[in-house]
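Note that the structure is a prediction, hence the values are computed from the model and not measured. Just so you know, residue 1 is the first one in the sequence shown, and it goes up from there. Ligands are counted one by one from 1 in listed order, and the atoms in each one are counted from 1 as well.
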Amino acid sequence: MPTSRPTVNKSVFGASRECAAKGWFTKHVRPSRPLDAGARMRSEQGNLVGARARLLFPDGILISTSTRQDEVAETARLMNDGQVQTLFEPCFKAGDFIARADILTREDDGWHLIEVKSGTQLKTEYIQDVAYTATVARLTDIRLARVSLMILNKEYLLGDPLDSQFATLDVTAEVETLIPEFRAMMDGLPEILCRDSPPDATISPVCRNCEFFQSDCVGKEIIHPIFDLPRITKQQCGALLRSGWKSILDVSSSRLINQRQKDVLKSVKKGKMVVNGARLRDLLGQVKWPVYYLDFESLTVAMPFYPEVRPYEQVLTQYSLHVFAGPGEQQRHSEYLADPARDCREELAEVLLRDLEEKGSVVVYSHFEKTILEALAIRFPGIADRVEAVLARLFDLRQVFGSAIYHPEFRGSESIKYTLPALTDMTYEDLNLKNGQEAVAAFLELANGGLEHEVFQQRRKDLLDYCARDTLAMVRLHHVAMDILERHS
Ligand code: SF4
């Protein structure tokens, strides 16, 4: 599988810094895996932000040739041309290492390297990213005078002047500190990446968030890894691994730090559901009929679509509402999907408040709906009192599956992704949109415009079907929980 000499890019280098095996998998396994909807959307948003940042340098020249080799040559040629002031996406290669900068602009004492990021806050990973680019640039003898990160200004509103959309932060000192470490690490890395198989890997707390853990690496044979213990701390994780315990099945109950972890251990060891009857009774007793099962979808993007919207502001675009008078007694289903050409939040809120009437629990499955409702009350003070009344009726069904019921197939999570298939035969498999990220991407497609009428209508239907399935999933899970309580009474 591996090539004779690997080309190391920023993502392979970054992964290798975390773990040598992760670098190998990133180089040899990740490229064959399709990006999920969320990753594709982040990448598209990143490209839009990058293109927008380039507008700040009207004299810039975009390096865009057919091969990486040509890009490197073209970068060198233009940098040697004393007339060229700014380059976009210049490419550098030093030995086996390749790096592409976002912006390189000439200053009196050398070049100013700028990395554009679509976040609104300075992050350590951003500094590490640009430090990699700076290290490769230095190895090619480029005289770097300054290194900066350009991030989004979180106070920017669509319609504000272009230069207020970004904040440029000088990170030269931080990057200079990292360059010697990066250069030292580069020495042995190509040899590791050349191998036919990944380097030996040992399970550690880092594996918890590693995309290769269960598919390719040390978690392949572990059915219930200790990372599935709810609210496991880094300290506890390290201590359990030092004891040689990789699976929950190995763990001694005395080493668990909360009741939920003990319930999980019991459930996994017995291979069946564990119910905390008192807690379940207490929680379900809080639900008042009629019940309004409510789910929201929103648009959250780096580049706002509507006036007066900030980067990453949650713009509510859709809801589904199933209303039940009592167990098994469906009264109606209501739904709303925004016109993507405009910000429909106020109109949506008015329709929703009417649909929610005045009595009965509003059942949701996360904190998300609460957060959105609170934001609506602030944005539209005229409806704040009515929104407050709805907030007082909210019941988060997720807590039932996070504290009163545990099934081994929950895999340490109370997300619908796990609870629904573990407890019901309902799935999302027959839908065109199968998760929230795909739903956001579909709405974004509508908002971007240019779709043919039939495609537009199909996407709308997909979105309505997806959101309706979310509320039906809540209906099913609530009814399952009621049945479980009845069996435990
Ligand atoms: S699962 Fe752990 S050891 Fe394997 S690649 Fe990921 S971080 Fe490295």
Mind counting the protein N, O or S atoms sitting less than 2.8 Å from atom 6 (Fe) of ligand 1? 1
Mutual orientation of the aromatic rings belonging to F410 and Y406 [parallel < 30°, tilted 30-60°, perpendicular > 60°]: perpendicular
Residue among L464, T471, D465, D470 satisfying side chain to side chain contact (heavy atoms under 4.5 Å, CB included) with S320: T471
Can a salt bridge be assigned to the pair R54 and E89 using a cut-off of 4.0 Å between side-chain N and carboxylate O? yes
Going by an N to O cut-off under 4.0 Å, is there a salt bridge joining R33 and D216? yes
Start with the C-alpha gap between F213 and F227, add the side-chain angles, then the distance that decides, and say whether ring-ring contact (aromatic ring centres under 6.0 Å, His included) holds. CA-CA 11 Å; F213 176 62; F227 305 135; 5.1 Å; yes
Might you work through the salt bridge (Lys or Arg N to Asp or Glu O under 4.0 Å) test for E71 and R100, ending with a clear yes or no? CA-CA 9 Å; E71 286 176 348; R100 187 196 298 279; 3.1 Å; yes
